[in-house]
Amino acid sequence: MTDLTLFREETRDWLETNCPPEMKKPMTPHGMTWGGRNCKFSHPDQELWLKRLGEKGWTAPTWPKEYGGGGLSYDENKILAEEMTNLGTRMPLASFGLWMLGPALLEYASEEQKMEHIPKIIKGEIRWCQGYSEPGSGSDLASLKTKAIEDGDNFIVNGQKVWTSYANECDMIFTLVRTGPQEPKHDGISFLLIDMDQAGVETKPIKLISGASPFCETFFTDAVVPKKNLVHKLNKGWDVAKNLLQHERKMLASMGLGGSKAASKGKTGSGLATLSKKYVEVKDEKIIDEGLRQKIAKCDMNSHAFSLTLKRVSEEAKNSNNGPSAATSIFKLYGSEHNKQKYEIMLEAMGSQALGWEGGEFGPEELAITREWLRTKANSIEGGTSEVQLNVISKRVLDLPQ
Amino acid sequence: MTDLTLFREETRDWLETNCPPEMKKPMTPHGMTWGGRNCKFSHPDQELWLKRLGEKGWTAPTWPKEYGGGGLSYDENKILAEEMTNLGTRMPLASFGLWMLGPALLEYASEEQKMEHIPKIIKGEIRWCQGYSEPGSGSDLASLKTKAIEDGDNFIVNGQKVWTSYANECDMIFTLVRTGPQEPKHDGISFLLIDMDQAGVETKPIKLISGASPFCETFFTDAVVPKKNLVHKLNKGWDVAKNLLQHERKMLASMGLGGSKAASKGKTGSGLATLSKKYVEVKDEKIIDEGLRQKIAKCDMNSHAFSLTLKRVSEEAKNSNNGPSAATSIFKLYGSEHNKQKYEIMLEAMGSQALGWEGGEFGPEELAITREWLRTKANSIEGGTSEVQLNVISKRVLDLPQ
Amino acid sequence: MSLVLSETAAFLQDQTQRFAREKTPTSHFRSVRDSENPECFDREIWKQMADQGLSGILIPEEFGGSNFGLSGIGVVLQELGRTLTPSPLFATGVIGASFLTKIGTDSQKQKYLPEIANGNLTTCFAFEEGPRHKPIISKVTAEKKGKNYIINGKKSFVVDGGFADLIIIAAKTSKGPSLFLADKNSKGIDINIAKMVDSRNSANITFSDLEISPENILGEIDQAQDTIEEILDISRAALAAEMLGGALEAFEITINYLKEREQFGVKIGSFQALQHRAANMFTELELCKSCVLESLSCFDEKSNDIPRIVSLAKAKIGETFHLISNEGVQMHGGVGVTDEYDIGLYLKRARVAEQIFGNSEFHRNRYAELTGY
Amino acid sequence: MSLVLSETAAFLQDQTQRFAREKTPTSHFRSVRDSENPECFDREIWKQMADQGLSGILIPEEFGGSNFGLSGIGVVLQELGRTLTPSPLFATGVIGASFLTKIGTDSQKQKYLPEIANGNLTTCFAFEEGPRHKPIISKVTAEKKGKNYIINGKKSFVVDGGFADLIIIAAKTSKGPSLFLADKNSKGIDINIAKMVDSRNSANITFSDLEISPENILGEIDQAQDTIEEILDISRAALAAEMLGGALEAFEITINYLKEREQFGVKIGSFQALQHRAANMFTELELCKSCVLESLSCFDEKSNDIPRIVSLAKAKIGETFHLISNEGVQMHGGVGVTDEYDIGLYLKRARVAEQIFGNSEFHRNRYAELTGY
């Protein structure tokens with residue numbers, strides 16, 4: 001028996017023993033665990049599952065053991081993921097700390113900072129949000145104006161951030177601030193970790209077209225930040241920012257893949273087709289409306305092709321051992337455009353039944369699809385617009401002239 | 001009886017009496033009359049038809065009578081066109097002189113130049129080609145390098161033009177040449193009329209992907225051009241050029257309309273559908289392949305919408321009495337892109353039968369469609385690329401910032 | 001056919017434009033939307049529109065209207081579409097007025113048309129029976145019982161069905177479709193109101209042994225097919241005009257944003273990739289203008305090609321409004337997906353308008369059929 | 001499944017790349033095209049390819065091949081597709097070799113496979129019966145007469161049918177399709193050669209009482225359906241690999257042109273509108289690479305999802321090669337439509353390759369059916 005086969009057996013055993021029953025059921029809209037000081041669990045099993053996995057470091061399976069991570073190899077991590085999928089266990093923790101901040105800290109933070117922050121991320125004790133964008137700076141992130149001025153052992157921060165996800169529920173925020181007002185655009189930016197539990201930090205939810213408010217505006221008024229919370233060097237925050245953005249894009253890219261698992265299962269049908277069949281004429285399992293059918297097929301094929309590409313690039317990366325590559329720009333671009341398209345097709349298939357807001361005879365799934373359709377419109381904007389991705393591809397990958 | 005009703009009756013009578021029988025038959029690929037000193041008629045009726053219409057000035061119905069034109073009003077011209085369509089008469093003369101040079105001369109040429117050149121254009125006695133583009137200057141037309149140097153009563157011209165249509169069969173060429181090498185790009189260009197029947201002018205056909213050679217490279221080596229052939233002022237040729245380009249774009253735009261007449265006839269079916277039906281399964285007159293059918297409908301609807309738009313803009317212009325407007329950029333763009341799309345659909349409908357080159361069992365119409373499909377690829381390049389049209393629309397029409 | 005606005009139409013357009021800018025800018029839409037008012041429109045504003053004659057454009061003069069025809073009401077809807085003005089004009093002033101004018105008896109006309117013209121009566125057309133447009137009635141039936149008819153079955157997504165006073169019901173009778181009139185408060189009518197994503201009103205209406213007396217039969221029994229098809233086409237053309245207004249406004253809002261918003265030290269409208277996309281949208285809009293104008297005037301000019309032209313207009317503007325509302329949101333970037341900016345409102349309206357009375361694919365299909373393939 | 005090239009495949013790719021660059025750059029294609037040679041390929045070059053082992057990649061070692069599998073021949077076709085190398089590799093090395101290897105009798109294998117491997121024998125597959133791909137045989141029949149079969153009917157657009165020595169014929173027998181072998185010079189075979197727009201060879205082949213003796217029956221009578229479907233999928237995957245090569249090359253030619261050509265004093269590749277279009281093409285190509293790799297390896301790995309994966313690959317690369325060849329010509333401007341520049345050659349090849357063995361719509365349809373809708 002090879003080490004990996006042994007690992008697979010042990011892992012399966014451990015998961016079967018330790019995953020609480022509720023956590024083997026499919027995820028519900030409110031069943032996600034976001035962690036943090038004020039974490040609310042909608043079921044006690046969520047807390048248990050987070051605690052057990054967090055202690056083992058398996059919320060961050062490949063992170064080093066010394067900071068509380070799982071310390072798993074690439075292959076072991078793959079096995080863990082496969083076994084979790086096989087057992088149908090839920091994701092224990094959704095966290096911008098895990099997806100974005102953590103990887104950047106591992107690369108850029110001091111030993112003290114790592115010891116301080118990473119274990120709390122892994123255990124879900126601190127919930128993080130991102131303070132990058134500002135009202136005047138969208139795609140042109142580096143034009144940010146929020147200022148941090150040195151004052152003894154602290155920075156004093158003033159300014160405004162926007163698009164801070166769930167900032168009103170978060171404990172800490174990682175921000176880009178201007179510390180060198182004289183320096184060229186990209187060279188005067190620093191990366192600060194700010195505790196939000198202070199008078200100088202206020203948040204205000206932004207209402208979106210979907211009706212939800214997953215984002216906030218966040219205001220800093222003489223907010224106090226100890227200097228130990230500066231990550232990497234002063235005025236060199238842009239290095240951290242770029243690294244972190246790549247992790248963000250990777251995360252966002254995976255959003256386009258919702259339908260692809262179903263699509264790659266063959267005869268069992270795709271999610272899009274199964275949904276559509278409830279609303280359109282079907283004969284011998286075939287959708288009669290050929291125009292719609294071709295659109296669904298095109299979309300399913302794109303999902304399929306996209307998931308094969310993610311797999312290919314990950315297999316290629318495995319050998320070359322590089323971090324996120326320029327190809328992540330393709331994923332962000334394609335994932336978000338594809339997801340938008342998928343929802344437009346759903347709307348077409350469902351007709352008026354997907355256009356409800358309230359009242360009437362809409363099922364909860366239908367109303368959720370309407371809102372989610374509106375939500376997808378942000379996919380190609382957040383984390384770098386599609387236009388920025390196209391610029392990146394044409395300049396960095398294709399090397400086209402400026 | 002109103003004047004116009006009377007005019008319609010007289011016109012119908014005249015056409016019925018004077019149009020030779022062969023000229024009432026549908027146009028054949030070789031039946032077009034291009035005029036010029038070496039004009040070859042494939043049927044004597046072509047010559048007769050050209051002579052009769054030319055004498056009446058009805059090859060250029062709205063041009064002033066003093067230069068041999070028809071002198072017709074907007075409404076009279078419309079009636080003439082309608083009656084010619086009703087009777088099914090052929091176009092008497094295809095000519096860049098009529099479509100492009102003539103309108104520009106009427107606006108910019110001296111009285112002597114008009115008297116000299118316009119009657120010959122109307123009667124088809126001189127065949128003109130266009131000398132604008134050069135190998136290094138495509139969309140950036142004003143970067144042209146062909147030089148004309150003053151030498152007594154003449155200009156001496158040296159340089160090379162490209163994309164000169166049928167230059168090897170033409171008598172004269174209207175050209176843009178650089179006369180002010182010191183001036184800024186657009187201010188050193190003059191508009192010259194050059195007789196091609198001289199040792200200093202040579203032409204070389206360019207072979208296209210369609211296999212045909214409708215264009216030439218044209219070389220000037222110390223070609224002699226009398227100063228009386230300078231149109232408009234010295235170094236002000238760009239004014240003429242711009243005016244003329246608008247006429248060219250208008251002409252090229254109409255190319256996208258091939259299928260629209262058929263499409264607007266209602267139940268009689270569209271050309272695209274009729275063609276497709278020969279190659280695909282049909283049941284109760286309906287094309288079974290719904291994907292193809294939707295593509296054809298989309299294309300037909302675009303033809304229909306496009307021809308309604310041409311009509312609308314011409315009705316609007318009738319009242320405002322302006323020349324070609326910025327909207328002509330829309331026509332060139334849409335006409336050429338639409339025409340390309342139409343041929344792609346034909347190819348899809350006809351399958352391998354539209355992909356023949358020679359030999360095998362292809363009908364002449366099929367082989368012609370293959371070549372014409374390749375020919376359409378130039379539609380969105382010649383006379384200003386689609387990209388240039390999009391630039392023009394966004395800057396001049398939408399007034400978007402530079 | 002005329003593809004240029006008549007003087008009357010130009011006057012109406014001008015008048016409505018002023019009205020919409022002053023009385024019903026998008027802030028009006030927002031206040032109606034965010035109010036507790038379940039009707040989704042403002043009765044006071046509707047009264048003012050009626051006073052301006054907008055509700056009576058399709059009604060003959062003898063019944064208090066102006067009879068300016070579809071070209072007239074088309075430009076009005078276009079201007080109201082620009083500001084997303086919520087009003088019963090479409091369901092009442094277009095559909096209701098057309099049905100009653102075309103096939104109402106003298107006493108039905110006397111009773112209802114003046115009330116529509118003066119803004120006191122609203123109507124709705126209970127037609128669809130599922131979530132996708134289907135111009136064939138199969139589920140709602142009317143059975144003869146003595147002199148009366150008994151209606152049973154359920155209608156879906158009735159525009160303005162949540163508040164309209166008078167319901168025009170299409171139902172299957174023994175040999176074909178028939179039309180009936182019913183007061184919304186009649187016994188046997190159950191109305192389930194829904195607010196759609198565009199914050200307009202729609203309803204599912206269930207009929208349980210609804211009894212219709214002879215004076216409330218609209219037109220000939222079994223003979224409604226042609227009338228229904230004609231009114232559906234009138235509705236589609238009118239809707240297309242409203243959509244054109246929305247698309248034009250969404251486009252202009254976006255172009256203005258491109259001229260204002262700065263990124264990387266320049267206006268984002270100077271980016272060529274955005275310019276080309278904007279120019280393509282402009283081109284499509286120019287085509288739509290022609291199609292919509294033609295689809296309105298073809299009724300007034302009694303063309304024999306009406307169904308094809310209407311399908312052309314509805315399909316083209318459906319695609320184009322779809323495109324422009326998507327591109328508009330994207331070009332606005334982050335603020336485009338916030339409720340604070342208007343562009344998202346057009347996105348929502350675009351999808352509902354695209355969907356009802358036949359989406360683009362439906363109309364392409366119909367166009368192909370009518371053209372003989 | 002492996003989405004990364006194996007060492008063998010990487011070796012073959014490298015070897016073929018060198019061969020194609022040295023021996024068969026596009027100038028080779030042009031010289032064959034412009035010669036009087038009706039075969040549309042160069043026998044000397046084909047011999048060299050065979051000497052390198054390319055013709056025997058799908059043939060077992062005992063018959064002179066290397067048995068490197070579809071992943072092996074895929075990368076070879078991809079590299080040859082880059083330079084538009086005209087050769088019988090597809091019809092002979094892929095289709096002919098696969099048929100004979102799968103279902104040939106020992107003596108058929110002995111007779112033909114070594115000859116294919118050494119480049120002496122070419123084959124074609126007479127299958128289609130009309131101008132659009134249809135995987136069902138209905139027009140060409142084989143009737144039993146004693147021990148022999150008599151074939152009648154006409155096949156269309158047989159790839160390499162104009163010169164192939166051995167014709168593999170699919171014909172209808174009493175209970176299903178069957179396969180037969182025939183020498184091109186047999187009595188009862190009439191070959192009408194056509195040059196296609198991509199300057200490759202295709203033929204209509206008419207069979208008039210062509211008599212087939214028992215030793216030339218390929219596989220079981222009436223039982224060919226599964227084999228035909230399998231070989232069609234092999235052919236589609238191989239063709240997709242060739243198309244990927246063509247698309248990659250056309251894309252790279254275009255990108256290089258964007259970096260070289262100047263207009264308005266700058267490189268045209270600096271125009272953002274062109275950049276974004278190029279970036280979109282790149283993205284589509286990345287997806288195609290994955291699909292093609294998967295469609296090749298799924299055979300070698302005996303996946304149970306082969307037909308769906310193959311349809312995915314053929315449809316995606318069909319659309320993408322279509323897009324890139326159109327955009328490539330447009331981005332070249334005027335010179336793009338001249339015969340002098342290479343980009344137009346890819347345009348022509350793209351359409352033929354897209355069309356044969358099922359166009360993108362055909363494969364979307366099939367994908368939908370296989371996925372259960």
Side-chain angles (χ1 to χ4, degrees), chain B residues 133 135-143 162-163 185 206-211 213 215 278-281 289-292 295 337 340 344 347-362 366-367 370-371 373-382 385-388 390-391 394, chain D residues 33 38 128 130-134 154 156-157 159 162 192-204 261-266 268 271 273-274 277 322 325-326 329-341 343-345 347-348 351-356 359-362 364-365:
Chain B
S133 295
S137 70
S139 293
D140 185 12
L141 193 54
S143 69
V162 74
W163 308 119
K185 209 164 163 185
I206 300 169
K207 189 174 167 197
L208 297 188
I209 50 175
S210 66
S213 298
F215 301 105
K278 292 187 210 162
Y279 299 91
V280 299
E281 265 184 276
D289 178 342
E290 187 63 33
L292 179 64
K295 277 186 201 167
E337 294 297 336
K340 288 200 300 182
E344 291 287 359
L347 254 64
E348 189 178 331
M350 295 166 68
S352 295
Q353 211 63 35
L355 294 171
W357 191 254
E358 60 187 34
E361 298 167 10
F362 305 104
E366 290 169 337
L367 288 171
T370 311
R371 307 285 176 129
W373 161 68
L374 289 163
R375 177 66 185 80
T376 63
K377 297 303 171 193
N379 293 168
S380 50
I381 296 166
E382 61 203 338
T385 62
S386 287
E387 288 77 14
V388 165
L390 290 166
N391 286 341
S394 60
Chain D
R33 176 190 78 166
E128 302 288 356
R132 286 155 76 90
H133 179 59
K134 215 173 170 185
K154 186 173 163 186
S156 310
F157 297 104
V159 175
N192 188 345
I193 308 181
K195 197 185 236 188
M196 302 299 282
V197 72
D198 63 348
S199 299
R200 306 227 183 166
N201 183 285
S202 171
N204 294 329
R261 169 77 170 170
E262 286 193 15
Q263 291 276 273
F264 306 103
V266 297
I268 61 173
F271 294 127
L274 299 186
R277 282 153 62 183
H322 187 113
S325 59
N326 271 346
V329 168
Q330 178 68 19
M331 288 184 176
H332 273 75
V335 299
V337 296
T338 65
D339 187 64
E340 194 189 335
Y341 277 68
I343 188 70
L345 306 177
L347 178 74
K348 294 172 175 180
R351 288 311 175 280
V352 175
E354 185 184 3
Q355 158 59 27
I356 59 180
N359 66 10
S360 296
E361 200 176 314
F362 173 91
R364 274 199 296 278
N365 222 313

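A, B, ... follow the sequence lines: proteins, then strands. Residue 1 opens every chain. Note that this is a predicted model, so its numbers are computed, not measured.
- Contact annotation for D/Phe157: only side-chain heavy atoms (C-beta onward) come within less than 4.5 Å of a heavy atom of chain B.
- Minimum heavy-atom separation, B/Leu292 to D/Glu361: N-OE2, 3.7 Å.
- The choice from B/Met350, B/Glu361, B/Arg371 that makes the most heavy-atom pairs within less than 4.5 Å of chain D is B/Glu361.
- B/Phe362 contributes atom CZ, which lies 12.5 Å from atom NZ of D/Lys195 (distance to the nearest 0.5 angstrom).
- Interatomic distance, B/Asp140 CG to D/Arg261 CZ, rounded to the nearest 0.5 Å: 9.0 Å.
- Annotation: maximal heavy-atom pairing with chain D below 4.5 Å, among B/Ser139, B/Ser133, B/Ser213, B/Ala354, occurs at B/Ser139.
- If you measure heavy-atom distances from B/Ser137 to chain D, the contacts under 4.5 Å come from the backbone alone.
- B/Glu348 CD to D/Arg132 CZ: the interatomic distance, rounded to the nearest 0.5 Å, is 6.5 Å.
- Between D/Asn326 and B/Glu344, some side-chain heavy-atom pair lies under the 4.5 Å cut-off.
- The part of B/Leu347 that comes within reach of chain D is its side chain, from C-beta onward, which places non-hydrogen atoms under 4.5 angstrom from that chain.
- Closest of all the heavy-atom pairs between D/Met196 and B/Trp357 is O-CB, 3.3 Å.
- Heavy atoms closer than 4.5 Å to chain D are found nowhere in B/Ser143, neither backbone nor side chain.
- The candidate from D/His322, D/Glu262, D/Glu354 with the greatest count of non-hydrogen atom pairs under 4.5 Å with chain B is D/His322.
- Here the straight-line distance linking atom CD of D/Glu128 with atom OG of B/Ser352 works out to 7.5 Å at 0.5 Å rounding.
- Interface remark: D/Leu345 contributes no atoms to any contact with chain B (heavy atom separation under 4.5 Å).
- If you measure heavy-atom distances from B/Val280 to chain D, the contacts under 4.5 Å come from the side chain alone.
- For D/Lys134, the NZ atom counts as loosely surrounded, since its 6.0 Å shell holds 12 or fewer non-hydrogen atoms of other residues, nucleotides or ligands.
- Partner D/Pro131 forms a side chain to side chain contact (heavy atoms under 4.5 Å, CB included) with one of B/Lys278, B/Gln353, B/Glu366 and no other, that one being B/Gln353.
- Atom CG of D/Asn365 sits about 8.0 Å away from atom CG of B/Asp289, to the nearest 0.5 Å.
- The two residues D/Ala194 and B/Gly360 make their nearest non-hydrogen contact at CB-CA, 3.4 Å.
- In this structure, B/Ile209 CD1 and D/Asp339 CG are separated by 8.5 Å, a value rounded to the nearest 0.5 Å.
- Contact tally against chain B (heavy-atom pairs below 4.5 Å) for D/Gln263, D/His133, D/Lys348: the top residue is D/Gln263.
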Original post:
Does the pair B/Leu355 and D/Ile356 meet the rule for a side chain to side chain contact (heavy atoms under 4.5 Å, CB included), with working shown?
Top reply: CA-CA 11 Å; B/Leu355 294 171; D/Ile356 59 180; over 6 Å; no

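- For the options B/Ala142, B/Gly351, B/Pro135, B/Gly211, heavy-atom pairs under 4.5 Å to chain D are most numerous at B/Gly351.
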